[in-house]
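Worksheet: the structure to be examined is printed underneath.
In listed order, ligands and their atoms are each counted from 1. Residue numbers run from 1 in the order of the sequence given.
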Amino acid sequence: MTRDYHAIAAIVDDAARFANAIPQLSLNGNDLDLQEAYRVQAASIARRYQRGEVPTGIKMGFTSRAKQVQMGLSDMIWGRLTDAMRVEDGGEIRLQDYVHPRVEPEIAFLLKKPLTGKVTVLEAMAAVEAIAPAIEIIDSRYEGFKFNLPDVVADNTSSSSYVVGAWHSPTIDFSNLGMSLEVNGIPVQIGSSAAILNHPARALAAASRLIGEEGMSMEAGWILMAGGATAAHALKAGDDVRLQVEQMGLVGFSVASA
Ligand code: 0L1
Ligand code: MG
């Protein structure tokens, strides 16, 4: 079947840009396979580049059991980050810029060298300049936050915004660090970096392999978001969100009051 990937990309891109919920593509005549979904994702990000956004990294999705269980999907997926998605540590977001945002506790990697293809965890870590506590703000554009795997991939794996805390040496042992996600001073999700594929560095190696299969590379200066260590938590107006990661400190942001 011949599909107009650019037309489908315009649907998901406009939904993200104008914070409008849309029906699932798969329920609306666009039952894509996974390869087609990544083509739509690439075309929707190309529209962002045309508007002046620049690539800043890659995000992994469904790298923890908690996320797989929450969304009922078990295959690892990836999406693209741009500069317009970055929220400063301590910054503020507005609920009206999102459809139904949720937050996830993550670990971020900063690359000092390009990385692509099948690599060992040690080879992947040799490309890392620093690691940091990070929060991803995901926002599926689909009504009810419901999707199948191609739907969510086409929707850039629900990427919306990301917040990165202070960078740390990658030589610390970050395989099993306690992570506490707090909203208005109350812990809402507690987990460990070990929930991310038993070691977050495995998410980096997996990202390298998966984007390599698409003929892409992560570049020096890019960020890799390793994926949510726990289930995601829904945001509301006035929330103050903080993630505390053992040995790495705090990262956070707030949601403007309505
Ligand atoms: O970090 C993650 O596992 C994000 C998955 C993105 C898909 C979603 O849950 O909306
Ligand atoms: Mg995530």
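No donor-acceptor pair under 3.5 Å is formed between the side chain of E53 and the backbone N or O of R47. Not one N or O on the side chain of T63 forms a donor-acceptor pair closer than 3.5 Å with the backbone of I196. No donor-acceptor distance shorter than 3.5 angstrom exists from the side chain of H233 to the backbone of V188, with no hydrogens or angles considered.
If you look at K59 next to ligand 1, the close heavy atoms, those under 4.0 Å, all belong to the side chain. Heavy atoms of I138 found under 4.0 angstrom from ligand 1 belong exclusively to the side chain.
A donor and an acceptor atom, one from each side chain of D151 and S26, are located under 3.5 Å apart. With 3.5 Å as the limit, one finds no donor-acceptor pair spanning the side chains of Y142 and S158. A donor-acceptor contact closer than 3.5 angstrom links the side chains of Y162 and T56. Between the side chains of D239 and N184, at least one donor N or O sits under 3.5 Å from an acceptor N or O.
No N or O atom of F145 sits closer than 3.5 Å to an N or O atom of ligand 1.
Between the Mg ion (ligand 2) and the N, O or S atoms of E104, the shortest distance is to OE1. When you scan the N, O or S atoms of E106 for the one nearest the Mg ion (ligand 2), you land on OE2. Shortest distance from the Mg ion (ligand 2) to E136 is reached at OE1 (N/O/S atoms only).
To the nearest 0.5 Å, atoms CG (D155) and OG (S44) are separated by 8.0 Å. Taking OG from S160 and CD1 from I93, the interatomic distance works out to 8.0 Å, rounded to the nearest 0.5 Å.
Shown in contact with T157 at under 4.0 Å from a heavy atom are these atoms of ligand 1, numbered in order with element: 6 (C), 7 (C). Counting the atoms of ligand 1 from 1 in the order shown, those under 4.0 Å from a heavy atom of G227 are 1 (O). Shown in contact with M71 at under 4.0 Å from a heavy atom are these atoms of ligand 1, numbered in order with element: 9 (O). Of all the atoms in ligand 1, the ones that sit under 4.0 Å from a non-hydrogen atom of G61 are 2 (C), 3 (O), 4 (C), 5 (C). Within the listing of ligand 1, atoms 8 (C), 10 (O) sit less than 4.0 angstrom from a heavy atom of F147. With ligand atoms numbered from 1 in the order given, ligand 1 contributes 1 (O), 2 (C), 3 (O) to contacts under 4.0 Å with heavy atoms of G228.
If you check which protein heavy atom lies closest to atom 3 (O) of ligand 1, you get F62 N, 2.8 Å. For atom 9 (O) of ligand 1, the closest non-hydrogen atom on the protein side is K67 NZ, 2.7 Å. Here the heavy atom of the protein found nearest to atom 10 (O) of ligand 1 is S158 OG, 2.7 Å. Remark: minimum distance from atom 2 (C) of ligand 1 to any protein heavy atom is reached at E104 OE1, 3.2 Å.
Using a 30° and 60° split on the angle between ring planes, W78 and Y38 fall in the parallel class, below 30°. Between H100 and F145, the ring planes are tilted. Angles from 30° to 60° get that label.
Residue M60 places a heavy atom less than 4.0 Å from ligand 1. Using 4.0 Å as the threshold, E106 has a heavy atom nearer than that to some atom of ligand 1.
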